[in-house]
Amino acid sequence: MDASRARVIMLADLDYFYAQVEERKNPSLIGKPVVVCVYSGRTEDSGVVATANYAARKYGVKSGIPITLAKKRLLGIEAVFIAMNHDFYKEVSDRVMVILRDNADNFEQVGIDEAYLDVSQRTDFSGAEKLAMKIKDDVKKKESLTISIGVGTNKVLAKIASDMKKPDGLTIVRPGESKEFLAPLPVDKLLGVGVKTVERMESLGIKTIGDLASYDQGKLAEVFGKNLATYFHCASNGIYEEVVQERGERESISRIATLREDTRDLKAILEKTDKLCEEVNARVQQSGLTYRSVGIVVVTKSLGIRMRTKSLSGPTNDVMLMKKVVKELLQKYLEESSIEVRRIGVHVSNFTKKEKEQSQLTSFL
DNA sequence: GCGGAGATGGACC
DNA sequence: CTAACGGGTCCATCTCCGC
């Protein structure tokens, strides 16, 4: 590879983001385990951990585990449990993203706490460390938050590198070092390899990214299909060409909530969905959008996910129509299934930008 | 064969 | 002893259907 032409891609990741924001707001928390929780409202402690700081992680408390389990692991420890305050974190995130964007030639935000920066036009690898330190410094000075940065010749490498040293870390994988860097790492470090894929790879004897890199591509294709196999083969060999670019408009808006108890009672469920429809519609109208599809998501007692969607005859943002369609989908679902509903969600998609006064098409359906 | 619609699975934060 | 268990978004793939 021609090193002088290699792209310089960074992944900047806000460290234990929600919990760090809470620490910043209330410095007396620093040093104590801080656990930011999503309470479902079903019982006192039902819900999961969104983020925990490092003091909490020492006890095995991390994103995704039930709050009850987190409390068990922190029993007798002076820990702080905080309900998550999404709007607040979003405001902080927006300000940090401005700083990051200012430091990039091309920018791509991924979620609330991460972004890719293509900085190839403002530096090469010899200046990458200096630039990365400057960006970390900017965020620290302006927002009093630490971030971890990974640098590589593509997004996959940058992402993995960012995870090597945390928090407040910096890892640079120079051109030519990519393969040795990747080879010893477990496959699940690779972007797009989650629990299910790890299981399937393990049954093929693939444990490390190096195993994957040297695995027969044809056999890989038999198991994963051609597209995924090609991706796995290239990425594990340090090759990934996807460019860093701003994400387009959002393609769907949804809200999901947990019911107070498992039920199949239409009326009880509709009480919840009506509220959710109003919230979704408010967001849609705020963005000046109209949608052409409405759907429901049902999470069953046994945590299975079922979805139903319906296309409308034309674009709308009428909450009454949305509620009506949701009710129909729900009724039909309840007829088809005999399982109790645990969580219920609504979503809209298929957006069209609402230019002038577009006809609202509320009459039929 | 190609599209839209609809359902599912997987991934990630 | 095990199980416990949020919310939001995106993407790929598959099937079915009409054209």
Side-chain angles (χ1 to χ4, degrees), chain A residues 11 13-19 35-52 62-73 83-86 89-90 93 108-116 155-156 159-160 162-163 187-201 224-231 242 247-259 262 272 276 279-280 283 292-313 329 332-333 336-337 342-351:
Chain A
L11 187 281
D13 184 324
L14 282 146
D15 298 316
Y16 61 103
F17 181 48
Y18 300 165
V35 187
V36 178
C37 302
V38 190
Y39 290 100
S40 71
R42 177 166 277 219
T43 63
E44 172 88 6
D45 281 337
S46 64
V48 299
V49 172
T51 312
K62 53 182 181 180
S63 318
I65 70 168
I67 295 166
T68 51
L69 177 54
K71 292 212 163 167
K72 202 161 287 181
R73 293 191 175 163
M84 113 160 172
N85 184 354
H86 187 267
Y89 309 144
K90 179 71 166 62
S93 164
E108 177 178 351
Q109 188 176 342
V110 186
I112 197 167
D113 67 346
E114 275 188 29
Y116 288 104
K155 293 205 273 188
V156 169
K159 169 78 177 167
I160 296 176
S162 74
D163 198 45
V187 274
D188 66 353
K189 292 276 178 188
L190 207 57
L191 202 57
V193 177
V195 180
K196 300 290 177 181
T197 308
V198 166
E199 281 172 19
R200 291 202 280 170
M201 285 187 178
F224 297 103
K226 202 178 166 193
N227 285 345
L228 258 187
T230 304
Y231 163 71
E242 292 298 297
R247 297 267 164 121
E249 306 289 304
R250 218 207 318 262
E251 287 184 354
S252 68
I253 294 178
S254 61
R255 280 285 280 120
I256 184 166
T258 303
L259 297 166
D262 297 350
K272 185 67 83 175
L276 298 177
E279 290 174 30
V280 165
R283 287 173 59 196
R292 285 193 48 234
S293 299
V294 171
I296 59 169
V297 185
V298 175
V299 177
T300 63
K301 190 187 181 72
S302 44
L303 298 181
I305 299 173
R306 298 285 172 269
M307 312 177 61
R308 295 290 183 271
T309 58
K310 184 169 168 62
S311 294
L312 309 177
S313 52
L329 290 169
K332 205 185 293 176
Y333 170 80
E336 289 164 10
S337 160
R342 178 185 179 87
R343 299 167 62 206
I344 184 69
V346 301
H347 66 89
V348 297
S349 58
N350 232 316
F351 292 130

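Computed from a prediction, not measured in an experiment: that's the story for all the values here. Labels below follow one simple rule: chain letters A, B, ... track the order of the sequence lines, proteins then strands, and each chain is numbered from 1.
Between A/N227 atom CG and B/dG10 atom P there is a gap of 17 Å when expressed in whole angstrom units. Look at CG on A/L312: it is 14 Å from C1' on B/dG6, rounded to the nearest Å. Atom NZ in A/K196 sits roughly 8 Å away from atom P in B/dA11 (whole-Å rounding). Taking atom NZ of residue A/K159 and atom C1' of nucleotide B/dA11, one finds them 11 Å apart after rounding to whole Å. Computed from coordinates, the A/E251 CD to B/dG4 P distance equals 13 Å when rounded to whole Å. The nearest whole Å value for the distance from the CZ atom in A/R200 to the C1' atom in B/dG10 is 9 Å. One atom, CD1 of A/I305, and another, C1' of B/dA11, lie 12 Å apart when rounded to the nearest Å. Atoms CE (A/M307) and C1' (B/dG6) sit 9 Å apart, rounded to a whole Å.
Nearest-nucleotide positions on DNA chain C place A/P66 closer to the 5' end than the other of A/R250 and A/P66. Nearest-nucleotide mapping onto DNA chain C: of A/G47 and A/S254, the residue sitting toward the 5' end is A/G47. For the pair A/R306 and A/R292, nearest-nucleotide mapping onto DNA chain B gives the more 5' position to A/R292.
In this structure, A/L190 reaches the sugar-phosphate backbone alone: every heavy-atom distance under 4.0 Å involves primed, P, OP1 or OP2 atoms, never a base. Using a 4.0 Å heavy-atom criterion, one finds that A/R283 contacts the sugar-phosphate atoms exclusively. Counting any heavy atom pair closer than 4.0 Å across all strands shown, A/T309 reaches sugar-phosphate atoms only and no base atom. If you check every strand for non-hydrogen atoms under 4.0 Å, A/V49 touches nothing. Note on A/T197: only backbone sugar-phosphate atoms sit closer than 4.0 angstrom, heavy atoms only; bases stay farther off. Among the protein residues, A/I253 comes within range of the sugar-phosphate backbone only, with heavy atoms under 4.0 Å from sugar or phosphate atoms but none that close to a base. A/R255 comes within 4.0 angstrom of sugar-phosphate atoms only, judged by non-hydrogen atoms across all strands, and of no base. Among the heavy atoms of the strands lying under 4.0 Å from A/T258 are primed sugar atoms or P, OP1, OP2 only; no base atom is included. A/L69 comes within 4.0 angstrom of a nucleotide base, judged by non-hydrogen atoms across all strands. A/L191 comes within 4.0 angstrom of the backbone, heavy atoms only, and of no base.
The gap from the C1' atom of C/dG6 to that of B/dC12 amounts to 14 Å, rounded to the nearest Å.
Salt bridge annotation for A/E279-A/R255: present, with a cationic side-chain nitrogen under 4.0 angstrom from a carboxylate oxygen.
Taking a heavy-atom distance under 4.0 Å as the criterion, the stretch of DNA chain C touched by chain A extends 5' to 3' from C/dA3 to C/dT13.
For A/T51 against A/F17, the heavy-atom pair with the smallest separation is CG2-N, 4.1 Å. Taking both residues in full, the closest heavy atoms of A/L276 and A/V346 are given as CB-CG2, 3.7 Å, listed atom of the first, atom of the second, then distance. Nearest approach of A/L11 to A/S162, heavy atoms of both residues: CD1-OG, 3.3 Å. Considering all non-hydrogen atoms of both residues, A/V38 and A/A50 come closest at CG2-CB, 3.9 Å. Contact record, A/S254 with A/H347: CB-CB, 3.4 Å, taken as the closest heavy-atom pair.
Neither OP1 nor OP2 of B/dG4 sits under 4.0 Å from any side-chain N or O of A/S311.
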State the dot-bracket string of DNA chain C. Criteria: Watson-Crick or G-U wobble, both atom distances under 3.5 angstrom; notation: ( ) intrastrand, [ ] crossing earlier pairs, | interstrand, . unpaired. ......|||||||||||||
Checking A/R42 against A/D262 for the salt bridge (charged side-chain N to carboxylate O under 4.0 Å, His left out) test, could you report, in this order, the C-alpha distance in whole Å, the side-chain angles of both residues, the deciding distance, and whether it holds? CA-CA 10 Å; A/R42 177 166 277 219; A/D262 297 350; 2.9 Å; yes
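The environment of A/K62 atom NZ is sparse: at most 12 non-hydrogen atoms of other residues, nucleotides or ligands sit within 6.0 angstrom. Few gaps surround CD on A/E199; more than 12 heavy atoms of other groups in view lie less than 6.0 Å from it. When the shell of 6.0 Å around CD of A/E336 is examined, it contains more than 12 heavy atoms from other residues, nucleotides or ligands.
Using a 30° and 60° split on the angle between ring planes, A/Y89 and A/Y18 fall in the parallel class, below 30°.
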